[in-house]
Every structure is written in structure tokens, then in C-alpha cells.
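Remarks on the structure that follows.
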Number of protein chains: 2
Amino acid sequence: MPRARTTETADRIRAAALELIAVKGVHQVSLREIAERVGVTKPALYYHFASRDDLVRSLVQPFIDEVEAALARFGPGADPRELLGAYFDAAYRHRDVTAMIMRDPSILAMVDLASAVGDWRRRIVTMLTGSDPALADVVRVQMAIGGLGDCTVVLPGAPAAPLREAVLDAACDMLRR
Amino acid sequence: MPRARTTETADRIRAAALELIAVKGVHQVSLREIAERVGVTKPALYYHFASRDDLVRSLVQPFIDEVEAALARFGPGADPRELLGAYFDAAYRHRDVTAMIMRDPSILAMVDLASAVGDWRRRIVTMLTGSDPALADVVRVQMAIGGLGDCTVVLPGAPAAPLREAVLDAACDMLRR
DNA sequence: GTCTATAGAGGGATAGAC
DNA sequence: GTCTATCCCTCTATAGAC
């Protein structure tokens, strides 16, 4: 019962699952549908993934890991543009996963990672405002993070580089007050 | 087979459904759970609501109606603080519903209202930027809307009036560039 | 207006052949 | 590594008594 192997078939299964879930939401997609799109049967999936949850987790994990790694490079008093830029880059690089999560955040609860995302926000707020910040400062950071994530998904047609600059400009303008 | 009646039991069913869905997500809550919390049996729900979808829709509809009514009061060249303030008020007044939607947006697809929400954003962007806006301007409006919705939910402990002012200050600072 | 009972569908997961 | 066949579970929804 190998778990989340990196065989070629496993990759095709992951790709099919990602596409379907991004469109329909996590809980609207059954293993039968995924298997059909790949061109195999349900039990075949269980050769590559220990369970449904195991499959879903393997979709999200690379994104989680990259954000964690990015945040780990910063500490208190970090430069806002660099910190938010690193977060944007991770969200944009995995924007297929980001879109999937934004469409149905319950996927995070499903793989028990909702607390991780909450942590990200709290850590960014702390790094950018210090301890015991005023409500106004917390609001500005929260709006920057929330809006940033939105833009990687709501404006899919926009070219990457200008979008990145526009988002960071707006976020930094808001934070500078 | 009455639909979405306003009897007292129907209200208790709606309240129970809202609480459960806000915590677990739409598709993690069954009619059995809702019925148990209310203290009745499943078939009793079907006396008050034509279907599962009918129940869910009756939860979201008042919020949708209020936002639509708020947006209808504005047109091209609207004052950003007033327009976003009206949107904030609707989101905050129904913040239990807003939280439910943000936790699991697939609820919108479920009741076929995702397009309505997309429309809101487009209409607000158009009213605040005019036609054929630059990417930078669209980004700022999208970030303002997204961040605004986030803050009504991410900062549940904050008192309403100061939160409202802080959010609108931040949004307007960002838009003024 | 609420109950018991049940139909009917579809889901996740496993056994065992090949 | 993939298949056929199957188990067991939970769900939505309905029928019909009270």
C-alpha cells in the first residue's frame, strides 16, 4: 500500500483530480469521476494513494511547503514588500492550487491544514506590525494578505510581472499609513 | 409541500443549519444532523423545505438581496467610501452568512449564485474605475473588495464601528492612488 | 406538523484474479 | 499495476400512519 508515489500514473491522477476539484469543489468530485477521466478504475487509484484524503493532501502539500519555506526566511521587522512578494510568488506559482483552495477552503479543513493557513496570517501580521498593534494596523495587513490572494485568482488573464508589481504597489501604499 | 415558510420551526431549522454549516462546510452537514440539533426527525424538515437546496438557498438569499439593493443605489462615479461602506454594512450585518460563504464558497455554486457574486465585483470595479481601466486600478479595487470581506470574518472580536472606519480608511487610501 | 419505515442512489474501500 | 466484483455505509427523499 504505497503512499503518494511519484509514478507517472499517480501524476496523471493528481492532474485529473486538480482539474475536477477546481471546477466542482472537493466534495463534489468522487473517485469514480477521477478514475474515469484518467481512464482507469477506482481500485487502481488505491494502488497509488492510500485513501481519498491522501490524494487530496498530495495536491495541497507542495503549496503549503513552499509558503512555509518562504515565511521562514523572514523575521520581525521584515521588509513588507519582500515578505508579501515572497507570499505572492508562492501563491502565484501554485495558482491552480490557490484557485482550488479559494473556491472551496473546506479542503484545508479536510486535510487538517486550516490552522496552518491561519498561522500564516498571524505570523505575517506580527512580523509587519510588531506585538500589540492597533486595530487599524492589523486591518491593513489583513486586507493586504486577503486582497493579494484574491488577485492571483480573480484576474487570471493578467500577465504575471505587471500583476505582481500592481498588487505589491497597492499593498505597500496601504501599509505605509 | 410549502417552500421556505416562515414558521417558528422553520426558523429554528435555519438557525441550526447556519451554525452547523459555518463550522463544518455545506457538504459536511447532513439533514440528519440538522434535524437532531433541532430535536425533530428528517422528514419533518421536508415539511418546511422542499429540498436540501431549498433550505440552503433560504439561508443565503437575504444577504444576496441586501447587497443587490445596496448596489442598486449607486451608479458610475459613485463615492468610493459610500459604495464600499454600503457593501461593508451588508456583509457585516449578515456576517454569519458571510463567514459561512467564505468558509465554503461552493455554497454559491450550489445555489447557482456564484455568477451573482462575480457580478457584484465587476459592477463595483466599473463604478469606481470607469470603462477600460488600467490593470493597476482594477487590482486596487479588487484588493479593496476582497480585503473588506475578509476583515468582517477574520477579525470577529473587533467592535463594529472602529472596524468599519479602519477598513474604509485602508480601502480609500489604497484607491486614492 | 411530526412520526416510522423504507426506497433508491452513490460514495469509499477491500478481496482476489490476472 | 490494473481489473471485476462486492461490502457496507450514509445520504436524500418519499409513503403513509397518527
Side-chain angles (χ1 to χ4, degrees), chain A residues 1-61 100 104 106-113, chain B residues 1-60 100 104 106-112:
Chain A
M1 193 196 301
R3 297 182 141 249
R5 301 180 55 159
T6 51
T7 67
E8 200 249 331
T9 304
D11 286 341
R12 284 168 55 220
I13 294 172
R14 262 191 288 268
L18 189 58
E19 286 173 39
L20 286 170
I21 292 174
V23 172
K24 307 182 61 177
V26 200
H27 304 283
Q28 278 55 59
V29 178
S30 67
L31 295 181
R32 183 185 53 76
E33 279 182 284
I34 297 170
E36 264 174 21
R37 169 171 288 221
V38 176
V40 296
T41 57
K42 260 195 301 178
L45 304 191
Y46 281 90
Y47 177 82
H48 297 280
F49 300 94
S51 68
R52 191 181 195 281
D53 273 23
D54 185 45
L55 168 56
V56 172
R57 174 173 280 109
S58 80
L59 297 177
V60 185
Q61 199 62 52
M100 184 179 74
D104 190 352
S106 67
I107 195 175
L108 295 176
M110 187 179 167
V111 296
D112 196 31
L113 287 166
Chain B
M1 193 196 297
R3 296 182 141 249
R5 302 180 54 162
T6 52
T7 67
E8 200 250 331
T9 304
D11 286 340
R12 284 169 53 219
I13 293 172
R14 263 191 288 268
L18 190 58
E19 286 173 39
L20 286 171
I21 292 175
V23 172
K24 306 182 62 176
V26 201
H27 304 285
Q28 277 54 59
V29 178
S30 67
L31 295 182
R32 182 184 54 76
E33 279 182 283
I34 297 170
E36 265 174 20
R37 170 171 288 222
V38 176
V40 295
T41 57
K42 267 194 296 178
L45 304 191
Y46 281 91
Y47 177 81
H48 297 280
F49 300 93
S51 68
R52 192 181 194 281
D53 274 22
D54 185 45
L55 167 56
V56 172
R57 173 173 281 110
S58 80
L59 297 177
V60 184
M100 185 179 73
D104 190 353
S106 67
I107 194 175
L108 295 176
M110 187 178 166
V111 296
D112 195 31

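Here is the naming used below: chain letters follow the sequence lines, and residue numbers restart at 1 for every chain. What you see is a predicted model, and the numbers here were worked out from it, not measured in a lab.
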Once each nucleotide of nucleotides 2-7 of chain C is scored for protein heavy atoms under 4.0 Å, what B/S/- sequence comes out, 5' to 3'?
BBBB--
Where do B:F49 and B:D54 come nearest, in terms of heavy atoms and distance?
CA-OD2, 3.6 Å
Separation of A:I34 atom CD1 from C:dG12 atom P, in whole Å?
8 Å
Do the side chain of A:D104 and the main chain of B:D104 share a donor and acceptor less than 3.5 angstrom apart?
no
Take the protein atom CZ of B:R52 and the nucleotide atom C1' of D:dT10, then report the distance between them rounded to whole Å.
12 Å
Search all heavy atoms of B:L31 against all heavy atoms of B:R52 and return the closest pair with its distance.
CD2-CG, 4.0 Å
Hits for side-chain contact (heavy atoms from CB on, under 4.5 Å) against A:Q61, two or more places apart or cross-chain, chain-then-number order -> A:R57, A:I64, A:D65, A:L113
Is any side-chain N or O of A:S30 closer than 4.0 Å to OP1 or OP2 of C:dG11?
yes
Tell me, which of residues 18-28 of chain A have any heavy atom that sits under 4.0 Å from an atom in DNA chain C?
none
With sequence neighbours left out, the residues meeting salt bridge (charged side-chain N to carboxylate O under 4.0 Å, His left out) with A:R32 are A:E36
For A:R37, what residues pass the salt bridge (charged side-chain N to carboxylate O under 4.0 Å, His left out) criterion, not counting sequence neighbours?
A:E19
Would you mind reading off the distance between A:R32 atom CZ and C:dA13 atom C1', rounded to a whole angstrom?
16 Å
Taking side-chain contact (heavy atoms from CB on, under 4.5 Å) as the definition, give me every residue that meets it alongside B:E33, ordered by chain and number, with sequence neighbours left out.
B:L20, B:K24, B:V29, B:S30
To the nearest Å, give me how far apart CG (B:L45) and P (D:dT12) are.
10 Å
Atom OG of A:S58 and atom CD1 of A:I13: how far apart are they, to the nearest 0.5 Å?
9.5 Å
When rounded to whole Å, the CD to P distance for the pair A:E8 and D:dG1 reads 11 Å
